[in-house]
Q: 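A single structure is presented below for examination.
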Amino acid sequence: MKGTNSTILKLSLVVVAMYGFSYALVPIYDTFCEITGLNGKTNSVAYTGNDIKKDNRFVTVKFISNVANSAPVYFEPVVTEMTVQVGKPYNTHYVMKNNSGRQLHTTASPSVTPGKLADHFKKIECFCFEQQTIKPGERVDLGIQFVIDNDLPNNVGDIVLSYTMFDITDKVVNEMSKL
Amino acid sequence: MKSISIFLISILASLNAIADWEVNMPRGVTPTANAAYDLHMLIFYITVVIGIVVFGVMFYSIFHHRKSKGAKPASFHESTTVEIIWTVIPFVILIGMAIPATKTLIMMEDTRNSEITLKVTGYQWMWKYDYVEDNVSFFSKLDNKSNEARQLGSEIDVKKVDNYLLDVDNQVVLPTDTKVRILLTASDVIHAWWVPEITGKKDAIPGYINELWVDIKEPGVYRGQCTELCGKDHGFMPIVVRAVPKQEYTKWVSLNQKNRVAEKSE
Amino acid sequence: MSTNIDHLKEEHHHQPSGLMRWITTTNHKDIGSLYLWFSLLMFFIGGFMALIIRAELFQPGLQFVIPGFFNQMTTMHALIMIFGALMPAFVGLANWQLPMMIGAPDMALPRLNNWSFWILPFAFTMLLSTLFFQSGGPAAGWTLYPPLSLQGGNSMPFVIFSLHLLGASSILGAINVIATILNMRAPGMTLMKMPIFVWTWLITAFLLIASMPVLAGAITMLLTDRFYGTSFFTAAGGGDPVLFQHIFWFFGHPEVYILILPAFGIVSTIIPAFARKKLFGYDSMVYATASIALLSFIVWAHHMFTVGMPLAGEIFFMFTTMLIAVPTGVKVFNWVATMWKGSMTFETPMLFSLAFIILFTIGGFSGLMLAITPADFQYHDTYFVVAHFHYVLVPGAVFAVIAAVYYWLPKWTGKMYNETLGKVHFWMTTVFVNITFFPMHFVGLAGMPRRIPDYAVQFTDFNMIASVGAFGFGLSQLLFVYILLSTLKQPVTAADKSWEGAEGLEWTLPSPAPYHSFDTPPKVD
């Protein structure tokens, strides 16, 4: 029976380890995405370096917006397209307006396509995942500052930056009421 | 290879002129759809040949190596040589398949040098189309006639409804001979946009953006459906693309340009 | 399938009888029977749901159900068939056969074995009860993709709890199987002397241990996303719906090999018996099975080719998926080489096994086509995929289970089934299975998506044919039940070695096998 007990112990450890592995897949996936640009994940930490130099290449960046679950907001970029020089920082912003009659809490998530270029789209400032609180009828400007880094491959097509705005009022109100 | 497929398909096509008995994928009207079709037929023919060989040997054995015919069982039961042969040969065949497949995949994923961009957003249960450069925007949902007929107990004969379940109120108009980049996202749950004759499908994922490209070579009306389960009316949110020559497209754009988002109906 | 319980009662006066016997039994043969009867019941329940689906799809337009309920049927049909019919059937066969095949008196953990079974009726009652909730049962597909599955009604926590229980049952069963095989083989039975069915179950058990806990993680994340404010799968909170798909399919792909490897073991047992010739390439078969199991961990994203993966990912998964065709092909060739120059007879187990080889291979061909990513962009989420997996699961796995039941029935019961009826069951089943699923290749290629209750008119004819086939297939299984029940009424007549070509320790035991067998281990040369 000794052999059996040892087998059972080892197998049980494997089971526990594999359960833990499924949770480990969460950060593994995030890291993998950032390295490979899968699903257009951009840098989650603001880019603060200053080693990017302007070079002679230009690339077109397109800006699009989405509103999730038909939330009652107007959300559009002020500029839909920019031809930018690689290495030079640029500013632009999106406009959000609360079209409902009540205060809303919102947050936006970014996505870049093609995925493999996401890594070269460095955001210096952005409103990604920042929670906004917006009064009924209020209009806000949400700014981004970005730079395309020198490692951008040659002969790429347009880069598309997309933001999706989510209404998280219910979730926020729920959490606040628990405090 | 292409001419053989065309030959065989035209035989099949003449046998079943009615679409009802359609047994194969359409070859389509774009380079990507054509490439998918050609690859599909190649792999299919290879599997047919393998099947004929393997099943042929099996059936021969079933007929000849039976006890009722007096067959006595042989005693061989292993051979390393033979194992190596039938591992290596399939492996080589796979490499033969992988090369064209990889080339085709790289071609399909190259969205550079597109002339216009169409953003497609999946909703429960309709599509929204935004022409990014041309400033046209509208919702597109299942046509009313189909929608009435499909209700449980509607007593409407669906066979009498034109393009039943494949008709919409607002069609997607695209120019022919133009590389169009299609961006995909969704508002609520995962959907997928698919018009078989135009290209393979991609998922439309809320919060994320996907892309594919099409270059429609022939004018016409092409129909497709949502292809990712998205709730109760997943089967009732079709797609209709009308491909027209460039001039007609430009005219259509100018007529629809100021038309901002139409009211979303329930 | 009661064995010599009366003879036994004389020896163990405190052995319970009646209902209590079945609730408290720790005997591998009893538990094997429990699993098999349970699986048969679930097969009919899942089959009934399939018939609701096929009845609705008989014609375009909606005739019987509303779309929301249709989605519940497709979801539940899959969950029941995978977790309630196929997996318990294979575990039942493992329970009955593994100890006898290795010369062991029972499984390593008999009480755990009992619990592993009794979890199932409880879990499935809970799962099925959700169909009667006001908000209905789960309707997001058995794959439960968020965000759709997060929109679900009150059934969601019950479905997740039920899946956790089913997973636990499988994991405990797998631990039991591995502990038994590794520690309780009769002296002289080295690993490479084990019957091939034992090998395939050993490998399957490792797949279960590695993959089921990952499903548990994935569905727990769904639960906390819905009820506890986590954002694993919602973009708003920095999460990603695609992450779920990765975690789910990391489990999901090994899962489908869990559903087929024991079937491979069964066919590898039956073909040699009825060809009266040893399995060709035993060592190769073991290595091929192990290769398939290992490769099954690096192919998962072929279920996700359309999510928008980077090109490198698409190419990688295309290559690994194609690669799996090699060891699978090796197995098919070895079966044919076993038949070759054998001396075959075609009793019912052999018929089902031969049909398995042909029809599973057809399923393999459509699988190879699906592996080609650029082509998959057209096949994905259409009936072409439905055709593929039904071919490998129905005339694949299910045929193997049926073959195994016919094959070992004389050993379990001491009674022979009626061979003529068995053949009728075989032919009806085989004809109808093809009428049902072959047309699905066509409508899928022609453009019909999956998981829709209603379709465009051009898909009508093949759908009608498929529906007719489905009803024929379902009715044919009633014949199977009749054959089983009438066999149990026969007198005990089966020989120890019920089939001329059968090999293995179980055939050295009397038929029916004694309630306790191999209390002393046999000698193995």
Side-chain angles (χ1 to χ4, degrees), chain B residues 19-25 35-36 39-40 43 47 51 55 57-58 61 65-67 71-74 77-78 83 86-87 90-91 94 98 101-102 104-105 108-109 150 152 158-159 164-166 189-190 192 196 200-203 205-208 210 225 227-235, chain C residues 60-62 66-68 71 141 145 147-148 235 241-242 275-278 280-281 284 306-308 311 314-315 318-319 322 325-326 329-330 332-333 336 339-345 358 365 368-369 372-375 377-378 380-381 442 445-447 449 451-454 456-458 460-461:
Chain B
D20 283 7
W21 296 97
E22 190 52 64
V23 298
N24 203 359
M25 191 191 285
L39 208 47
H40 152 74
I43 311 300
T47 60
F55 298 151
V57 173
M58 260 189 92
S61 186
H65 302 146
R66 42 168 75 195
K67 186 173 179 202
K72 292 272 176 283
H77 61 93
E78 60 185 354
E83 300 286 353
W86 64 41
T87 305
F91 188 74
L94 287 180
T102 309
T104 306
L105 188 54
M108 284 183 181
E109 296 288 16
R150 62 101 166 187
L152 182 62
V158 303
K159 296 193 180 129
Y164 176 64
L165 293 190
L166 292 177
V189 298
I190 302 180
K201 63 189 70 72
K202 267 255 158 85
D203 288 354
I205 301 172
Y208 290 90
N210 269 337
Q225 293 182 267
T227 31
E228 183 60 56
L229 179 63
C230 54
K232 67 180 176 72
D233 282 348
H234 160 61
Chain C
L62 289 176
I66 55 171
N71 291 345
Y145 285 0
L148 181 64
V242 174
R276 293 160 180 75
K277 192 160 153 285
K278 271 206 176 123
F280 188 90
S284 273
T306 61
V307 295
L311 180 62
E314 289 176 342
I315 293 178
M318 175 167 77
F319 287 169
M322 290 168 78
V326 176
V330 164
V332 173
F333 302 141
V336 177
M339 291 162 62
W340 190 259
K341 296 222 168 119
S343 175
M344 286 187 275
T345 52
I358 297 172
F365 288 148
L368 184 57
M369 292 166 78
I372 307 294
T373 314
F377 290 152
Q378 297 283 36
H380 179 73
D381 245 294
F442 301 143
L445 291 178
R451 296 169 164 171
I452 55 175
D454 189 4
V457 157
Q458 68 254 35
T460 307
D461 297 293

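The chains referred to below are lettered A, B, ... by the order of the sequence lines, with proteins before strands, and numbering in each begins at 1.
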Q: Looking at B:Gly51, B:Ala74, B:Ala36, which has the largest count of heavy-atom pairs under 4.5 Å with chain C?
A: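 Most heavy-atom pairs within the cutoff with chain C belong to B:Ala74.
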Q: Side chains of B:Thr87 and C:Val326, heavy atoms from C-beta outward: is any pair under 4.5 Å?
A: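 A side-chain contact under 4.5 Å exists here.
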Q: How long is the span from the CG atom in B:Leu94 to the CE atom in C:Met322, to the nearest 0.5 Å?
A: 5.0 Å
Q: Under a 4.5 Å heavy-atom cut-off, does chain B meet the side chain of C:Met339, its backbone, both or neither?
A: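 The answer is both parts of C:Met339.
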Q: Can you give me the closest heavy-atom contact between C:Pro374 and B:Leu39, atom names plus distance?
A: CG-CD2, 3.4 Å
Q: Identify the two heavy atoms, one from B:Thr102 and one from C:Ile315, that lie closest to each other, and give their separation to 0.1 Å.
A: CG2-CD1, 3.7 Å
Q: Would you give the length of the straight line joining atom CZ of C:Arg276 to atom NZ of B:Lys67, rounded to the nearest 0.5 angstrom?
A: 4.5 Å
Q: Examine whether an atom of C:Pro453 lies under 4.5 Å from a heavy atom of chain B, and if so say whether it belongs to the side chain, the backbone or both; otherwise answer neither.
A: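 When you check distances to chain B, only side chain atoms of C:Pro453 fall under 4.5 Å.
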Q: Can you tell which of B:Glu83, B:Lys232, B:Glu228 has the highest number of heavy-atom pairs within less than 4.5 Å of chain C?
A: B:Glu83
Q: Measuring from atom CG of B:Asp233 to atom CD1 of C:Ile452, what distance do you get when rounded to the nearest 0.5 angstrom?
A: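 Between B:Asp233 CG and C:Ile452 CD1, I get 12.0 Å after rounding to 0.5 Å.
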Q: Excluding sequence neighbours, so at least two apart, what forms side-chain contact (heavy atoms from CB on, under 4.5 Å) with B:Lys201?
A: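 side-chain contact (heavy atoms from CB on, under 4.5 Å) check on B:Lys201 returns B:Trp194, B:Thr227, C:Thr306, C:His380, C:Thr382.
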Q: For B:Leu166, which atoms come within 4.5 Å of any heavy atom of chain C: side chain, backbone, both, or neither?
A: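 The side chain, not the backbone.
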Q: For chain C, which candidate among B:Ala35, B:Ala192, B:Cys230, B:Pro90 shows the most heavy-atom pairs at distances under 4.5 Å?
A: B:Cys230
Q: Identify which of B:Leu152, B:Thr104, B:Ile43 forms the greatest number of heavy-atom pairs closer than 4.5 Å to chain C.
A: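 So the answer, after comparing B:Leu152, B:Thr104, B:Ile43, is B:Leu152.
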Q: Check whether any side-chain heavy atom of C:Lys277 sits under 4.5 Å from a side-chain heavy atom of B:His77, and report yes or no.
A: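 Contact flag for C:Lys277/B:His77 side chains = no.
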Q: Using heavy-atom distances under 4.5 Å, tell me whether C:Phe365 contacts chain B through its side chain, its backbone, both, or neither.
A: both
Q: Before giving the answer on side chain to side chain contact (heavy atoms under 4.5 Å, CB included), spell out for C:Thr373 and B:Met108 the whole-Å C-alpha distance, their side-chain angles and the decisive distance to 0.1 Å.
A: CA-CA 10 Å; C:Thr373 314; B:Met108 284 183 181; over 6 Å; no
Q: Under a 4.5 Å cutoff for heavy-atom pairs, which residue among B:Glu109, B:Met58, B:Lys202 has the most contacts with chain C?
A: B:Met58
Q: Taking only residues two or more places apart in sequence or in another chain, which ones pass ring pair (Phe, Tyr, Trp, His ring centres under 6.0 Å) with C:Tyr145?
A: none
Q: What part of B:Tyr164 gets within 4.5 angstrom of chain C, counting heavy atoms only: side chain, backbone, both, or neither?
A: both
Q: If you look at every heavy atom in B:Ile190 and C:Pro147, which pair is closest and at what distance?
A: CG1-CD, 3.9 Å
Q: State, with a plain yes or no, whether a side-chain heavy atom of C:Leu311 is found less than 4.5 Å away from one of B:Leu105.
A: yes
Q: Using 30° and 60° as the class boundaries, would you call the ring planes of B:His65 and C:Trp340 parallel, tilted or perpendicular?
A: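 Perpendicular, since the angle between the ring planes exceeds 60°.
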Q: Can you measure from CH2 (B:Trp21) to CG (C:Asp461) and round to the nearest 0.5 angstrom?
A: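 If I round to the nearest 0.5 Å, the distance is 4.0 Å.
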Q: Minimum heavy-atom separation for C:Leu62 to B:Arg150, with atom names?
A: CD1-O, 3.2 Å
Q: Can you tell me how far apart NE2 (B:His234) and CG (C:Leu148) are? Round to the nearest 0.5 Å.
A: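 Answer for the NE2-CG pair, B:His234 versus C:Leu148, is 10.0 Å.
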Q: Hey, could you give me the CD1/NE2 distance between C:Ile372 and B:His40, rounded to the nearest 0.5 Å?
A: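 Output value for this atom pair is 12.0 Å.
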Q: So which residue, B:Gly207, B:Gly235, B:Ala101, B:Pro73, ends up with the most heavy-atom pairs under 4.5 Å with chain C?
A: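 Among the listed options, the one with the most contacts to chain C is B:Pro73.
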Q: Give, as side chain, backbone, both or neither, the part of C:Asn71 having an atom under 4.5 angstrom from any heavy atom of chain B.
A: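 Looking at C:Asn71, just its side chain touches chain B.
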Q: Sub-3.5 Å donor-acceptor pair from the side chain of B:Asp203 to the main-chain atoms of C:Gly308, do we have one?
A: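 Flag not set: sc B:Asp203 to bb C:Gly308 has no pair under 3.5 Å.
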